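The analysis underlying the following values was restricted to heavy atoms, covering all of them including side chains, and did not include hydrogens, waters or symmetry mates. These figures come from a predicted structure and were not determined experimentally.
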Amino acid sequence: MSNIKLEAPFTAFRGKICKHSKIIFAQRGDTQYTSQICNPRTKPFSEAEVARQTKFKQAVSNANAALADSTQKAAYETAFKAQNKYKTLRGFVIAKEYEKLA
């Protein structure tokens, strides 16, 4: 059996190769990920999906405002330390703000 060493002609890039490509390359830290879009979306978003996206955008903007305020940030930090579900303070605050919108 022969030994083959494959070398890529490039070191790193991201995004699509061309507008016709369905293969996407991305670099996260030191790891390069390759994925392929098999079934791209062809129909527009439904009303429920748009409402969900709008609600999430509002929760993120509320979370950013809460993290900018020192008193709210301190309250969220104490609540974050008391839980084990979320790994980041930002994710925790976004989840709590999303719950408030429900």
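At least one side-chain heavy atom of L67 sits under 4.5 Å from a side-chain heavy atom of L89. At least one side-chain heavy atom of I94 sits less than 4.5 Å from a side-chain heavy atom of F56.
Judged as a side chain to side chain donor-acceptor pair (under 3.5 Å), and not counting sequence neighbours, Q53 has no contacts.
F45 forms part of a hydrophobic cluster together with V50, judged by ILVMFWY side-chain heavy-atom separations under 4.5 Å.
Screening residues 91-102 for side-chain hydrogen bond (donor to acceptor under 3.5 Å, both in side chains) gives Y76-E97, Y76-K100, E97-K100 as the qualifying pairs, with residues at least two apart or on separate chains. Pairs passing the side-chain hydrogen bond (donor to acceptor under 3.5 Å, both in side chains) check and including a residue from residues 83-92, sequence neighbours excluded, read N64-R90. Legend: salt bridge (Lys or Arg N to Asp or Glu O under 4.0 Å) pairs involving residues 45-69, not counting sequence neighbours, sorted by first then second residue: R41-E49.
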